[in-house]
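This report refers to the structure that appears directly beneath it.
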Amino acid sequence: MSMDEIFIVARKEMKGIVKTKSQMLMGISFAVWFSVMAAPVVKTVEESAVFDQFNNLLFYFVLMLGIFTAYLFSGKVFFNEKREGNIETLLCTPLSLRQIWSGKVVGVTIPAYLIALLTAALITIIANLFSTSMLLPSPAITLHIFLVVPAFIAVAVGLLGFGHFLLGMRENQILNISIFIVIFFALSFAKNVISGGYVVSWVAIGGLLIVAVLLLALISYLTRYLSKERIVTTIP
Amino acid sequence: MIGVQNLTKTFNGKTVLDGIRFEVKEGEIFGFLGPNGAGKTTTMRIILGLLKPTSGNALVFGEDLGSCDKLRRRVGILLENDGLYEGLSAYGNLDYYSQLYGISDREEKIKNLLDFVGLSDRKDDKVGKFSKGMKRKLGLARAIIHDPEVLFLDEPSSGLDPEAQRMVRDLIFQLSKEKRTIFLNSHDLDEVQKVCSKIAILHGCTIKAYDKVENLRNTFSKPIFEITLIDTADVRIASDILHSLDYVSDCEEDGLRITVTLKEEKSSTILNELVNNGIKVEEAKRLAKSLEDVYLDIVKHSGGER
């Protein structure tokens with residue numbers, strides 16, 4: 001599988017996302033909103049727990065915002081391509097279905113990850129405004145932000161793309177609503193976990209990384225079951 | 001170049017194509033005709049490897065396009081959807097596809113193509129602002145950006161206003177002069193008649209006719225002659241003579257002209273009959289039947305669709 005073709009598709013999708021102002025604004029607005037809402041929590045905890053609280057915020061919100069942004073961007077890249085019918089022309093180019101899927105996954109993952117990094121930066125800045133001591137991410141959280149988060153964003157995009165290609169329009173709409181509800185509850189759950197005083201360990205980060213890699217391998221394997229016929233016959 | 005053998009396709013137990021077969025040779029402009037919903041697009045999708053046949057096969061260059069990625073570099077397509085991205089400019093769209101096809105001299109190629117379709121002055125405009133006709137022309141440019149040997153066009157002028165239809169048709173005509181093999185899916189008989197050398201008519205899941213346009217006209221249409229007489233006094237007599245012939249199915253008078261429909265090819269006999277009876281004939285000419293007449297005859301006589 002040639003990487004050149006994958007990057008051609010990825011580059012086009014990235015440019016498309018970045019140039020769609022409404023989408024970028026929505027992604028950035030969510031990053032700002034959740035950072036502003038979540039980060040001041042560091043002033044409510046005891047001095048000894050501030051560092052853990054700050055790292056927990058980064059652990060949950062950077063991951064969640066990354067996945068949520070991936071969900072926002074995937075709709076345009078996979079769902080619209082199918083709804084508008086351009087996918088049929090793309091499938092007649094020399095690219096294989098897996099190359100198209102991979103290119104789109106890379107093309108969505110990168111801008112979604114940039115929003116996740118923006119969230120990390122905003123949480124760090126705002127948390128420091130409310131803290132008496134200097135707050136920086138722990139090494140485990142740094143690894144989480146630079147490896148686990150992009151891996152999970154890629155998993156989310158891959159899975160959404162797989163679903164969008166595999167399912168019909170009605171099923172896709174149900175899928176979109178379901179994912180939105182799941183993310184909504186996940187964000188609420190994150191708040192509970194943060195206030196519960198958990199400490200994110202190296203083991204947890206390592207475990208998550210392994211899970212992300214396994215999920216990526218599984219989704220990549222699942223794309224073998226995607227067929228051009230399935231895609232073409234589910235175009236509205 | 002394109003070979004379709006005993007092709008059958010069923011969707012949820014419903015047969016859409018039933019054992020169709022035809023062949024398109026190199027350099028041929030092949031028209032695939034049929035009413036809406038006859039299965040033309042399904043046939044094209046199978047040939048392009050987008051759908052799998054239930055039985056039989058559809059090969060291009062002797063291979064299945066669906067399983068041979070590299071072979072698709074030699075094929076260009078314009079489906080009902082133009083395959084254009086509305087958020088990209090005309091240039092951006094052609095640039096994207098030229099990268100996918102691995103074209104090296106992209107800038108020059110795109111410039112020439114935009115000139116060819118008359119959109120050079122709109123190259124930086126977003127396709128979302130284009131009219132349907134302009135999109136179709138750009139779609140055609142996109143389809144030929146990699147110089148394909150075979151071009152598949154699905155209803156290229158469908159839904160366009162007459163002026164845009166003519167523009168698209170002129171472009172196809174120009175392409176046909178470049179000795180490309182063109183597979184034209186259409187229900188526009190006029191378009192097919194003007195451009196195609198050979199046609200197949202699909203109706204009721206099967207191919208009802210498959211031949212050169214001229215041969216089809218001759219095979220499926222009854223011979224019609226227009227005879228112009230010199231003397232008005234002869235019109236009545238000539239008409240009576242013609243009506244008495246058992247191979248004449250119809251005869252209509254209009255001034256000095258008599259239009260005769262024959263049951264079989266007997267053009268020389270009919271003239272002999274008139275001349276031998278002292279009728280002075282100024283001119284006798286065979287009237288060409290349009291493809292539309294032939295098409296309607298075939299569709300009417302083959303009954304309804306399944």
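Here is how names work: the chains are called A, B, and so on, in the same order as the sequence lines, proteins then strands, and each is numbered from 1. These values consider heavy atoms only, across backbone and side chains, with no hydrogens, waters or symmetry-generated copies.
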Subject >> Among L88(B), L79(B), L48(B), residue most engaged with chain A (heavy-atom pairs, under 4.5 Å) >> reply: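 The candidate making the most pairs under 4.5 Å is L79(B).
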**OP:** Select, from R142(B), K70(B), Q99(B), the one with the greatest count of heavy-atom pairs under 4.5 Å involving chain A.
**Re:**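 Heavy-atom pairs under 4.5 Å are most numerous for Q99(B).
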Subject >> Ion pair E88(A)/R45(B), N-O distance below 4.0 Å >> reply: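 Salt bridge present between E88(A) and R45(B).
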If we define contacts as heavy-atom pairs under 4.5 Å, which of [options] has the most with chain B?
options                         : value
T233(A), T89(A), D4(A), I231(A) : T89(A)
K12(A), K228(A), E81(A)         : K12(A)
G16(A), S227(A), C92(A)         : C92(A)

**OP:** I would like to know whether I8(A) and Y97(B) meet side-chain contact (heavy atoms from CB on, under 4.5 Å); could you show each step before the answer?
**Re:** CA-CA 9 Å; I8(A) 292 166; Y97(B) 279 99; over 6 Å; no
Original post:
Do side-chain atoms of N86(A) reach the backbone of L84(B) as a donor and acceptor pair under 3.5 angstrom?
Top reply: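 Yes, N86(A) side chain to L84(B) backbone: donor-acceptor pair under 3.5 Å.
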Subject >> Crowding at CD, E23(B) (>12 non-hydrogen neighbours, <6.0 Å) >> reply: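 Counting other residues, nucleotides and ligands, CD of E23(B) exceeds 12 neighbours.
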**OP:** Answer yes or no: are there more than 12 heavy-atom neighbours, outside E171(A) itself, under 6.0 Å from its atom CD?
**Re:**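 Yes - once you tally the heavy atoms of other residues, nucleotides and ligands closer than 6.0 Å, there are more than 12.
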**OP:** Check L91(A) against R72(B) and note the closest heavy-atom contact, atom names and distance.
**Re:**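 In terms of heavy atoms, the two residues are closest at O-NE, 3.6 Å.
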**OP:** Locate the shortest heavy-atom distance separating P94(A) from R73(B); write the atom from each residue and the value.
**Re:**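 Looking at all heavy atoms of both residues, the closest pair is CG-CG, 3.4 Å.
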Original post:
Under 3.5 Å, is there a donor-acceptor pair linking the side chains of Y85(B) and E84(A)?
Top reply: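 There is no such pair (donor and acceptor under 3.5 Å, judged by atom type) between the side chains of Y85(B) and E84(A).
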